[in-house]
Each structure stands twice: as C-alpha cells, then as structure tokens.
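One structure is given here, and the rest of the page talks about it.
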Amino acid sequence: MVAITLPDGSVRTYDRPVTGADLAADIGPGLAKAALAVKVNGVLKDLLLPLTADSKVAIVTKKDPDALELLRHDAAHVLAEAVQELFPGTQVTIGPAIENGFYYDFARKEPFTLDDLPKIEAKMREIVDRDEPIRREVWDRNEAITYFRKIGELYKAELIQDLPTSEPISIYRQGDKWLDLCLGPHLPSTGKLGKAFKLTKVAGAYWRGDSTKAMLTRIYGTAWADDKQMAEYLTMLEEAEKRDHRKIGQEMDLFHLQSEAQGSIFWHPKGYMLWRQLETYMRRRLDAAGYQEVKTPQLMHAKQWEASGHWGKYRENMFVVPDEVPNTEEQGPVLSGKGELLALKPMNCPAHVLIFRQGIKSYRDLPLRMAEFGCCHRNEPHGALHGIMRVRQFTQDDAHIFCREDQIVDEVRMFCELLDVVYKDLGFDRYAIKLALRPEKRFGTDEMWDRAENNLREAVRLAGRMGPEYGWQELPGEGAFYSPKLEFHLTDAIGRTWQCGTIQLDYVLPERLDAAYVGEDGAKHRPVMLHRAILGAFERFIGILIEHHAGKFPLWLAPVQATVCTITDEADDYADEVAATLRANGLRVETDLRNEKINYKVREHSLAKVPVLVVVGKKEAETRGVALRRLGGQAQEILALDEATDRLAKEAAIPGTQS
RNA sequence: GCCGACGUAGCUCAGGGGUAGAGCAACUGAUUCGUAAUCAGUAGGUCCGCGGUUCAAUUCCGCGCGUCGGCACCA
C-alpha cells in the first residue's frame with residue numbers, strides 16, 4: 001500500500017507504486033494534461049518516477065513557480081538536440097537553467113555565430129512539435145563512460161568519471177535517437193516545453209569555468225511559461241537598454257571615456273556636478289555620524305605594500321611606478337631601471353592604519369571612524385572593464401572604524417542605520433542584506449569565526465533588519481579570507497540588484513601593521529578594524545543612479561535643475577532676472593533665450609531631462625510671475641517669482657540638511 | 001587575459017575595390033511664436049591604427065588598439 005498525501009491534505013492510497021502521471025490522471029483529465037512534474041516531499045521529480053513509499057506529493061504544472069526551472073532546463077536539452085541535429089560532430093557539455101533562461105556549452109571547431117541562432121531556434125521548435133518523449137534511464141558507470149567516449153563525447157565522459165561513485169548515472173533519452181547525461185528532473189516530453197523561448201546570444205565560456213581549460217561556445221536563451229511572460233521580460237530588457245548609463249551619459253553630456261585613458265573617466269561639467277552633489281551629501285551624513293575625514297597618499301613605497309601583504313597577494317592588480325627621473329636623451333632608455341618602486345594605492349586601508357598609528361591611542365579614542373573619499377587604482381583585466389561601472393581609477397566612499405571587540409556590534413548596527421538612511425535618500429527603497437560566511441581557505445580559528453559571524457548577525461538583528469523584507473540571507477563560503485562580511489544589495493527601478501554597501505571585520509591588518517591602543521588596564525591592545533563602504537565607488541554608484549532614475553534625477557542631484565525659457569525676446573531681460581534670482585537662492589539654472597518656438601524649447605529641455613522648465617513670456621514679465629513645468633508632466637503652474645524661488649529652493653535642498 | 005561581434009561626420013546609422021551618403025546636432029539667414037521638432041541655406045570625414053595583396057584599399061587579408069556581449073577576474 002502506498003499512501004499519497006496531496007497539498008489539500010487529502011490522502012489517496014494505492015495497492016501498488018504509482019507515478020505522478022497516474023496520480024494526475026486519477027485526479028482529473030485536465031490535470032493529467034497539464035502535469036509537468038511532481039514535487040515529492042518538497043523535491044522535484046520526474047512525472048514518470050514510480051512512488052514506492054508513502055509521501056506528500058504535489059503535481060507541478062506551468063502555473064507553478066517551480067515549473068520555470070524545469071522548462072528552462074528542458075529548453076537547454078532541446079537546444080542541445082537541435083544543435084547536434086544541425087551540426088553533427090559538435091560535442092555537448094553542460095546546459096543548466098539560469099535566471100530568466102538557460103544556456104548550453106558546446107565544443108565545436110567553428111564557434112557558432114549570431115547568424116546560426118534563427119536556424120537553431122527553428123529546429124528547436126520542430127523538436128517541440130515532434131513532442132518527443134523524455135525518459136530517464138540509469139546506466140552502469142563504466143558502460144556510460146565507454147559509450148560517450150565511443151561517440152566522441154569526451155566532455156561527457158569526463159563528467160561521468162568525476163561524478164562521485166555513490167551517484168547513479170542517470171541518462172535522459174529524448175525521442176529515440178538523442179540522449180544526454182543529466183541529473184534531472186525533466187518534463188515528460190518536449191511538447192510540454194511550449195514555444196515561449198528565444199535564443200539570445202552566443203559567447204565564449206571556459207570548460208568548467210576554469211580559465212586554464214578549453215574555451216567552449218555558449219548559446220544563451222530565455223524561456224518562460226507563456227508568451228506574455230516572455231514579452232514582459234523582453235520589454236524589461238529594452239527598458240534596461242534605454243537606461244544604459246553609457247547611453248544616457250553621452251546624451252546628457254555627463255562624461256566620456258577614450259582609449260588614451262582606458263578605464264578612467266573624463267567627467268564633464270554636468271557629470272561632475274552630479275558627483276559633487278553626491279559627495280557633499282555623503283560628507284554631511286558622515287560628519288553627522290561621527291566620522292573624521294582624511295586624505296592619504298596616492299603613491300606609497302613598495303615596502304609599505306609588502307608590509308600590508310598587498311605586494312604578495314595583490315600585485316598583479318597594482319600600478320607600479322619607479323621613483324626615478326626619466327632619461328631626457330633622445331636615443332637613451334627612458335628609465336635606467338634602478339629606481340625604487342612605488343605603487344598607486346589599490347585601497348586605502350594601510351594608509352588609514354598609518355594615520356591611526358601616529359601618536360599613542362587610548363581606549364578613550366575608540367571607536368575611531370576614519371573616512372576617506374579615496375581615489376584608488378586597480379589594474380583590472382581588460383575584459384572586465386564596463387562603462388563607468390567597472391573602471392581602473394575609482395573613488396571609494398571608504399572608511400575604517402577602529403574599535404574594541406565589545407564595540408563591534410554597536411558600530412555595525414549604527415552602520416546599518418546610516419546606510420538605510422543614505423539608500424532611501426538616494427531613491428532606493430528596497431535592498432537586501434546578506435552575511436557572507438567563512439570560506440574554506442581562511443585565517444584564524446573556528447572560535448574567532450564563530451564570534452565574528454555572530455557579531456554581525458547580532459548587529460543586523462539589533463538594527464531590526466533581519467526580516468524577509470530585507471532579504472536576509474546567509475551565504476556560506478562567500479566571506480573574505482580574513483573575515484565574514486555583510487553585503488548590501490540594492491534593487492533598482494526595474495528590479496535588478498546591485499551590491500554596493502559592505503562592512504567587514506578585520507583582525508589581520510591591525511596585527512600586520514602593528515596598530516595598537518592603550519587599554520584601561522594600561523596595557524597595549526589590538527583594535528579591530530571594520531572596513532566599510534555605503535556606495536562602494538562613486539563611479540559605479542553614479543552609473544547605478546543614472547540607470548535607476550533613467551537620467552531623471554531628483555531635483556537636488558540634477559546637474560541643471562531648471563532652465564528659463566523665453567517665448568519671445570520681449571521677455572529676455574526678465575528671463576535673465578529670473579535666472580539670477582534662482583541662482584542667488586542656490587539653484588543651478590540655465591537660460592534659453594534663443595529665437596525658437598516654445599514647443600521646440602520644451603521638447604529639447606525635456607529630452608535633456610531638466611527637472612523644471614521655467615517659462616516666461618510677455619505676460620510673466622508684466623506680472624513678475626513664472627510658469628513652471630515639471631519633467632514628465634504637461635501641467636503648468638503659474639506662480640509669483642518669489643514664491644517659485646522659495647519653493648524650488650526648498651525642494652532642491654540636499655536631504656538631511658534642513659534639520 | 002580568453003571566445004565572438006563591431007569600429008564610417010558631434011550623435012544615430014546606410015554604403016561599398018575607382019579616395020563617401022542620410023537624418024539629427026552645429027553654423028548662417030528669415031521667422032517673435034504660449035508648453036515635446038518653423039523654414040531655407042552652409043559647413044563638416046586620415047571611413048580606428050599599422051602592414052600586405054592590387055594599377056588602385058575606407059572596402060579584401062593579417063596584426064595591433066578600442067568598444068560591446070559573455071567567460072575568467074573582482075584579496
């Protein structure tokens with residue numbers, strides 16, 4: 001007897017093992033048709049797996065969130081079958097479901113190109129139409145290896161060889177000819193996949209994610225339960241493209257990049273205004289939170305980087321500069337090569353410890369919060385560079401808190417609170433907090449890690465941010481080698497997430513660089529160092545701000561806050577006066593006195609994403625009024641100049657500055 | 001760094017073995033107009049760089065650089 005408990009609590013008993021398909025058919029013909037898989041005691045299984053023991057079973061259909069992963073995984077298999085049908089001799093490797101879709105990695109002498117995708121996609125649809133049954137088989141391990149070697153699937157043979165011997169070798173047969181090694185589960189047939197999928201791109205990818213191994217060709221696709229979902233996803237992609245910070249940065253004349261300074265940004269006046277506003281804002285928040293701002297050297301002697309440990313571990317990412325006057329002889333070598341080596345700082349921590357070490361620190365000095373908008377250089381691999389998001393010169397909103405062990409929880413809690421205020425001021429309502437736990441390779445004792453991890457947990461709990469609304473999550477193995485860390489991932493206007501903030505404990509650097517304070521007991525003690533950032537780097541964060549707001553910045557951040565537009569040249573003098581008045585009240589204002597129609601001006605400045613248009617014509621000049629038009633709206637608001645000035649000045653105030 | 005695609009006017013892009021074209025922007029002139037494009041004219045290019053093939057290369061080939069999409073990297 002097998003007793004199956006369904007999600008509604010009802011129990012069905014059978015005198016022999018049944019499959020999910022039998023069960024679905026038993027419940028109703030509609031369900032039998034819609035069934036894709038079963039969830040047995042919470043685990044997804046094939047629909048045709050015989051259930052031999054009493055269990056809780058739910059039938060999974062397309063409506064189920066779990067179905068998406070199945071569909072995507074099947075799409076990957078259908079892709080693989082299509083490719084092998086069209087391009088015999090191509091080896092299959094691995095093809096998982098991923099966020100929003102799937103991919104499959106192939107080994108082929110000629111890599112695939114974008115032009116191959118339509119043909120492959122058409123073949124995939126054909127395979128779906130064929131509705132090939134998908135069946136699981138368990139093979140003998142050695143036979144499987146021999147089989148895959150024989151048919152030339154060397155990657156598959158390698159995979160099987162590396163599977164733990166306790167694992168059964170499960171093979172999924174798709175139709176009568178094609179099969180693939182796979183853990184499963186899968187749909188009962190290719191027809192169940194449906195047609196809401198699309199191949200999106202080709203890319204290179206290393207075998208097993210290892211850059212010393214072969215480069216394979218990866219084909220990416222997206223797959224959904226229905227066309228509507230897919231259409232929504234594609235719309236989101238289009239929206240993301242429209243918001244691309246590189247595009248908006250050019251349209252709004254914020255910055256540019258050029259090959260002569262690869263990976264470093266030329267900030268134009270408007271882009272740098274954005275930066276200055278953000279920096280001013282951050283500085284005020286940090287001042288109020290008890291931080292002390294410092295500025296430290298860009299270049300330090302290699303010896304110092306040796307002492308901090310960076311020279312050994314991080315040198316390949318550092319820009320090294322010889323401390324030497326270049327030769328001025330035409331033909332001679334530029335440098336003799338005898339100079340001492342300096343390096344541009346890739347991070348600020350060692351310099352902060354050096355400041356801490358000046359003079360004798362007492363326990364009364366702690367916690368000491370040292371902040372720097374620190375300009376760092378890292379020689380990132382060329383392929384990693386991306387717009388202003390991943391660059392080689394960047395400025396961190398960095399700070400280090402030197403404190404006693406018993407102050408950690410309080411300091412981390414206060415950091416969480418500060419970060420919350422900053423993100424909300426900058427227009428981000430949602431963010432997730434994650435705790436990255438000890439990695440396999442690490443310094444220190446387990447006891448030390450227990451304590452460190454617990455401190456961070458406790459601080460988040462005290463800050464009241466451990467609930468699901470803050471996406472609390474613990475990530476095993478993701479911590480730095482010297483400490484666990486909290487990560488703060490914010491969600492932007494179109495649902496993408498970005499890790500920005502971080503705080504991590506460090507017991508190692510104070511030790512290496514001999515930072516110490518005198519305790520109440522008169523003895524020398526090691527402070528703990530908390531590395532923390534809220535924005536991460538200004539460059540990247542401004543990129544995120546651009547994409548989040550799609551260039552339509554809140555008034556206080558907008559590079560140009562208002563443009564005064566005239567309707568006829570009779571209003572020119574008055575327009576200048578209006579602009580002067582607004583400027584005198586701290587607003588960033590431009591005028592447009594060109595001999596153009598007001599429609600033209602409104603269009604142009606709207607496209608330029610100026611938040612407020614101040615329109616003045618003969619009427620306004622006579623009554624000393626202004627007509628305000630907000631970006632994104634069509635309404636006009638007629639106000640007296642004085643009132644408009646007051647109102648705009650208040651609205652444009654940097655957050656947190658009124659009280 | 002690796003795989004692939006791309007690189008033409010300020011921008012978006014078309015073209016193609018016989019030294020280049022559109023729209024927008026710019027400039028000049030006319031127009032003085034009430035909330036998302038007034039009209040006309042003018043000017044603008046080392047077709048990413050270097051080499052090769054060719055009578056002739058921006059076009060074909062090779063190499064380099066950069067950008068883009070991924071991978072790897074992000075102590």
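Naming convention: chains lettered A, B, ... in sequence-line order (proteins, then strands); numbering from 1 in each chain. Everything quoted here is computed from the prediction, not taken from an experiment.
Nucleic acid contact class of A/Glu251 (heavy atoms, under 4.0 Å, all strands): none. Base engagement by A/Lys597 is indicated by at least one non-hydrogen atom pair under 4.0 Å involving a base atom. A/His310 comes within 4.0 angstrom of a base, heavy atoms only. Across all strands, A/Ser259 comes closer than 4.0 Å only to sugar-phosphate atoms, never to a base (heavy-atom distances). Residue A/Lys618 is classed as a base contact, given a heavy-atom separation below 4.0 Å to a base. As judged by a 4.0 angstrom heavy-atom cut-off over every strand, A/Gly633 is placed among residues making no nucleic acid contact.
Remark: C1' of B/G34 and CD of A/Glu622 are 14 Å apart, rounded to the nearest angstrom. Rounded to whole Å, the distance from CE on A/Met389 to C1' on B/G69 is 16 Å. The interatomic distance linking A/Gln634 (CD) with B/G34 (C1') rounds to 15 Å, in whole Å. Distance A/Glu110 CD to B/G4 C1': 12 Å, rounded to the nearest Å. One interatomic measurement links the two molecules: CE of A/Met252 to C1' of B/A25, which rounds to 17 Å at whole-angstrom precision.
B/C2 is paired with B/G70 under the criterion used here, namely a Watson-Crick or G-U wobble arrangement in which both key atom distances are under 3.5 Å. The base-pairing partner of B/A30, taking Watson-Crick or G-U wobble contacts with both distances under 3.5 Å, is B/U38. If you check B/G18 for Watson-Crick or wobble pairing at under 3.5 angstrom, you find it paired to B/C55. As the counterpart of B/C11, B/G23 is assigned, both hydrogen-bonding distances of the Watson-Crick or G-U wobble pattern falling under 3.5 Å. Pairing of B/G62, defined by two Watson-Crick or G-U wobble distances under 3.5 Å, is identified with B/C50. With a 3.5 Å ceiling on both atom-pair distances, B/G44 lacks any Watson-Crick or G-U wobble partner.
B/U46 sits 33 Å from B/G70 when the P atoms are compared, rounded to a whole Å. Nucleotides B/A9 and B/U59 are separated by 15 Å at their P atoms, to the nearest Å. Spacing of C1' atoms, B/C3 relative to B/C73, comes out at 16 Å, to the nearest Å. With both ends at atom C1', the span from B/C24 to B/A43 equals 16 Å, rounded to whole Å. B/A75 and B/C13 are spaced 44 Å apart, taking the C1' atom of each and rounding to whole Å. B/A26 and B/G44: their C1' atoms are spaced 9 Å apart (whole Å). The P atoms of B/C6 and B/G62 are separated by 13 Å, rounded to the nearest whole Å. B/G10 and B/A56 are spaced 32 Å apart, taking the C1' atom of each and rounding to whole Å.
Between A/Gln473 and A/Glu487, the closest side-chain pair of non-hydrogen atoms is not below 4.5 Å. Side chains of A/Leu535 and A/Cys500 form no contact here, defined as non-hydrogen atoms less than 4.5 Å apart. Inter-residue side-chain proximity for A/Gln393 and A/Ile265 is flagged as unmet; no heavy-atom pair is nearer than 4.5 Å. Contact annotation: the side chain of A/Gln84 approaches that of A/Val92 to within less than 4.5 Å [non-hydrogen atoms, C-beta and beyond]. Looking at heavy atoms from C-beta onward, A/Gln304 lies in side-chain contact with A/Leu513 at the 4.5 angstrom threshold.
At B/G69, none of the side-chain N or O atoms of A/Lys201 fall inside 4.0 Å of OP1 or OP2 (strictly under the cut-off). Under 4.0 angstrom from either OP1 or OP2 of B/C65 there lies no side-chain N or O belonging to A/His382.
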Can you name the atoms? Protein N/O to nucleotides 10-12 of chain B N/O, anything below 3.5 Å, with the distance.
residue: B/C11; atom: O3'; partner: A/Gln250; partner atom: OE1; Å: 3.1

Review item, nucleotides 71-74 of chain B N/O atoms under 3.5 Å of protein N/O:
residue: B/C71; atom: O4'; partner: A/Gly204; partner atom: O; Å: 3.2
residue: B/C71; atom: O2'; partner: A/Tyr206; partner atom: N; Å: 3.0
residue: B/C71; atom: N4; partner: A/Gly383; partner atom: O; Å: 3.4
residue: B/A72; atom: O2'; partner: A/Ser211; partner atom: OG; Å: 3.3
residue: B/C73; atom: O2; partner: A/Arg390; partner atom: NH2; Å: 2.9
residue: B/C73; atom: N3; partner: A/Arg390; partner atom: NH1; Å: 3.0

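Near-neighbour residues of RNA chain B inside residues 90-98 of chain A, defined by a heavy atom below 4.0 Å, are absent. For RNA chain B, the neighbouring residues in residues 607-617 of chain A, judged by any heavy atom under 4.0 Å, are A/Leu607, A/Val615, A/Gly617.
Every residue was checked against the side-chain hydrogen bond (donor to acceptor under 3.5 Å, both in side chains) condition with A/Gln91, not counting sequence neighbours, and none meets it. Here A/Arg218 pairs with A/Asp105 under the salt bridge (Lys or Arg N to Asp or Glu O under 4.0 Å) rule; sequence neighbours left out.
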Chi angles and distances behind the salt bridge (Lys or Arg N to Asp or Glu O under 4.0 Å) call for A/Glu306, A/Lys303: CA-CA 5 Å; A/Glu306 273 165 37; A/Lys303 271 189 242 161; over 6 Å; no
Residues A/His531, A/Gln504; criterion side chain to side chain donor-acceptor pair (under 3.5 Å); working and verdict: CA-CA 5 Å; A/His531 302 250; A/Gln504 49 192 279; 5.8 Å; no
Evaluation steps, side chain to side chain donor-acceptor pair (under 3.5 Å), between A/Tyr600 and A/Asp592: CA-CA 11 Å; A/Tyr600 181 87; A/Asp592 184 352; over 6 Å; no
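Of the two residues near RNA chain B, A/Asp244 and A/Tyr482, the one whose nearest nucleotide lies more 5' is A/Asp244. With the nearest nucleotide of RNA chain B identified for both A/Lys313 and A/Ile598, A/Ile598 has the one nearer the 5' end.
Side-chain contact, A/Asp180 with A/Tyr104: a donor N or O sits under 3.5 Å from an acceptor N or O. Counted by atom type alone, A/Lys601 and A/Thr566 present one or more donor-acceptor pairs between their side chains at under 3.5 Å. Side-chain contact check for A/Thr93 and A/Lys156: no donor-acceptor pair (N or O, by modelled atom type) lies under 3.5 Å. Of the N and O atoms on the side chains of A/Asp398 and A/Asn348, at least one donor lies less than 3.5 Å from an acceptor on the other residue. Residues A/Gln250 and A/His256 bring no donor and acceptor atom of their side chains to less than 3.5 Å of each other.
Proximity note for A/Ile567 (side chain, C-beta onward) versus B/C68, B/C33, B/U67: the nearest is B/C33. Across B/A26, B/G34, B/G4, the shortest atom-to-atom separation from the side chain of A/Arg594 is found for B/A26. When distances run from any side-chain atom of A/Asn599 to the nucleotides B/A37, B/G69, B/U32, the shortest one goes to B/A37.
The distance from atom CZ of A/Phe255 to atom CH2 of A/Trp267, rounded to the nearest 0.5 Å, is 6.0 Å. Note: A/Ile598 CD1 to A/Leu613 CG = 8.0 Å, rounded to the nearest 0.5 Å.
For A/Tyr600 against B/A36, a side-chain-to-base donor-acceptor contact under 3.5 Å is absent. Between the side chain of A/Asp569 and the base of B/U32, a donor-acceptor pair under 3.5 Å is found.
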